[in-house]
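Everything numeric in this text was worked out from a predicted model, so none of it was measured. Atoms within a ligand are numbered from 1 in the order they appear, just like the ligands themselves.
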Amino acid sequence: MTISANIKIAVLGLGHVGLPTALGLAELGWPVVGADDDQAKARRIAQGEAPFYEPGMAELLQRQLGSGRFQVAGSVPDAVQQGTILFVCVGTPLGADGRVDLSQVESVARTIARNLNGYKLIVEKSTTPVRTAEQFHRTIARYSNGQHPFDVAVNPEFLREGTALQDFFHPDRVVLGVATPEARQMLLQIYQPLLERMAASGNGSAASKGSSPLMVTDLNTAELIKHSANAFLALKISFINLIADFCEATGADVTEVARGIGMDPRIGPAFLRAGAGYGGYCLPKDLKAFVRIAEEHGVDFSLLNEVGRINDARAERIVQRLRHATWVIKGKTVAVWGLAFKPHTDDVRDAPSLRIVSRLREEGASLRLHDPWAMEQFRRDFPDQPPRLVYCPSPENAAEGADALVILTEWPEYLKADLARLRESMAAPIIVDGRNLMDPAAVRALGFDYYGIGRP
Ligand code: UDX
């Protein structure tokens, strides 16, 4: 298919959603202009510097800046004026009242309204509560002079941090929430090159099963799909974490239970890893927001409050495990491997490590922290305070002289550590594995006291 000459995509907001989306669309062949209110961030991106760690992104950024298909606009209004299709990727944090704070979305709607200079399709990509697109449409109509027609569509993102580009190019599904035939047509055109790539390579998960990953719905359904998906994922994790507690009480093995139930295609094997609990910018926030918006529409979703409560309790469970292992935490030196909320990202937002490190400090432990990518981010909340809190250049260095090692992120490189040497360098050979990363039998054979999650 040929790229329509008059289409230019503007991506408004260049964070964890916006930047991979902008670069992915440019890689598909579309001319893309990106913009961010954070001028310093926009300048870094324009100079080819990725503002956060995401595998493959720095290379793709440089390639697309080089190809000229991706450019950074001087301002959001400038990008709005240049674009025919605007992808809105601004932040939707949780407000103090438990509702999603939609001020950035509302503000961008007014900026768009003031800068309409012809027909535009405005696509909401940020995760927003159901019925936000309706309000978004109303706001643009209210603040624009009515001279230029526009459409609003919803195209929720399902990108996971750490695999954002892989997810962009091989999506399980692409959900298009539209209200008009024009919006439908334009979005189908935008994603056509992606579908062709997937069909040609045959390795998109939906495409490889011979089905199209495209799904066209109305606006509210598309918004609900996104929120329901994240709520369900959180539910799966809290479910398996409770099963882990049950396994600990009965001597069963949660990894085997997960394998056994996951073989049932109605359940599926993914998101059944028990451990320190879920974190990140999306699952915790989306779950709370979902319960709140459901309540506002008269639906009691207290089921999901329990999911959140179970997750919040995971941090204390890790601390208890450490107390059980060391007898007394006060005065001990504890090494922590992994600060990011999951591997392959430097993101620590709502990471279990934040709560656990905070609790260990309260208990009077000295901490030796390591993460391959996330130490800089973590430092913002926990500055260096030697000897009570130090950041270490390697996992081995963190473990030196420690009375116990706690694993909070399952970085694959931690599996490469020489455990025999590690044991020699530690003051006491205790491992609390909050992600079930290690093989218990192998670690115990080396003389460690090993405590996993939900494993005998
Ligand atoms: C999530 C959704 O998966 C993605 O579709 C959406 O677009 C954004 O939110 P992300 O926040 O990147 O993605 O992380 P995800 O991979 O979902 O993991 C969330 C948390 O759950 C992590 O802390 C992870 O360690 C934890 N987790 C995941 C478990 O504890 N057990 C599991 O089995 C899976």
Side-chain angles (χ1 to χ4, degrees), residues 15-21 24 52-55 57 89 91-92 125-128 155-168 170-175 205 213 222-223 225-244 254-255 257-259 261-262 267-290 307-308 310-315 317-318 338-356 371 374 407-412 433-437 452-454:
H16 286 274
V17 175
L19 190 53
T21 301
F52 49 85
Y53 172 61
E54 181 65 46
M57 204 175 64
C89 302
T92 52
K125 205 148 182 60
S126 310
T127 301
T128 51
N155 172 215
E157 61 82 25
F158 299 101
L159 308 180
R160 289 162 299 172
E161 289 179 34
T163 52
L165 295 174
Q166 162 76 14
D167 292 343
F168 182 90
H170 307 284
D172 295 312
R173 75 288 209 200
V174 175
V175 175
S205 26
E223 287 173 322
I225 287 172
K226 173 63 206 256
H227 252 166
S228 312
N230 274 1
F232 194 78
L233 292 173
L235 181 115
K236 269 188 110 172
I237 298 169
S238 280
F239 179 83
I240 202 67
N241 278 331
L242 274 192
I243 299 292
V254 73
T255 57
V257 175
R259 201 160 72 89
I261 62 174
I267 297 173
F271 271 68
L272 289 178
R273 278 178 286 112
Y278 59 78
Y281 186 63
C282 295
L283 259 51
K285 158 179 93 81
D286 289 353
L287 191 83
K288 291 193 187 99
F290 193 62
V307 169
I310 294 162
N311 195 58
D312 289 345
R314 297 315 290 170
R317 199 138 180 115
I318 302 279
L339 303 169
F341 81 99
K342 67 177 200 179
H344 311 294
T345 175
D346 60 359
D347 199 345
V348 302
R349 289 175 295 177
D350 242 316
S353 58
L354 292 169
R355 286 190 293 277
I356 294 168
D371 189 286
I407 302 174
L408 297 181
T409 316
E410 65 276 35
W411 284 98
D433 185 353
R435 294 292 179 184
N436 284 341
L437 177 69
I453 303 289

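For a threshold of 3.5 Å applied to N or O pairs, the pair formed by L233 and ligand 1 contains no separation below that value.
At a 4.0 Å heavy-atom cut-off, ligand 1 touches K226 through the side chain alone. Of all the heavy atoms of L159, the ones lying under 4.0 Å from any atom of ligand 1 belong exclusively to the backbone. Counting heavy atoms closer than 4.0 Å to ligand 1, residue E157 contributes atoms from both its backbone and its side chain. Contacts with ligand 1 closer than 4.0 Å are made by no heavy atom of I240, backbone or side chain.
A donor-acceptor pair under 3.5 Å is absent between the side-chain atoms of K226 and the main chain of F158, judged by distance alone. No donor-acceptor distance shorter than 3.5 angstrom exists from the side chain of K236 to the backbone of L272, with no hydrogens or angles considered.
Considering R273, R349, K285, E410 only, the shortest heavy-atom separation from atom 31 (N) of ligand 1 involves R273.
Of all protein heavy atoms, the one closest to atom 13 (O) of ligand 1 is R160 CG, 3.7 Å. Distance from atom 17 (O) of ligand 1 to its nearest protein heavy atom, with residue and atom name: F271 CZ, 3.2 Å. In terms of protein heavy-atom proximity, atom 2 (C) of ligand 1 is nearest to N230 OD1, 3.5 Å. Nearest non-hydrogen protein atom to atom 21 (O) of ligand 1 is Y278 CB, 3.2 Å. Among all protein heavy atoms, the one lying closest to atom 10 (P) of ligand 1 is K342 NZ, 3.8 Å. In this structure, the protein non-hydrogen atom closest to atom 23 (O) of ligand 1 is F341 O, 2.8 Å. In terms of protein heavy atoms, atom 27 (N) of ligand 1 is closest to I237 CD1, 3.4 Å. At the shortest separation from atom 12 (O) of ligand 1 among protein heavy atoms lies E161 N, 2.7 Å.
Among K285, K342, R355, the one residue that satisfies the salt bridge (charged side-chain N to carboxylate O under 4.0 Å, His left out) test with D350 is R355.
G277 and R314 get closest at one heavy-atom pair: CA-CG, 3.9 Å.
Proximity of C282 to ligand 1 is established by a heavy-atom distance of less than 4.0 Å. Not a single heavy atom of K236 sits less than 4.0 Å from an atom of ligand 1.
Counting atoms of ligand 1 from 1 in the listed order, those under 4.0 Å from a heavy atom of G279 are 19 (C), 20 (C), 22 (C), 23 (O).
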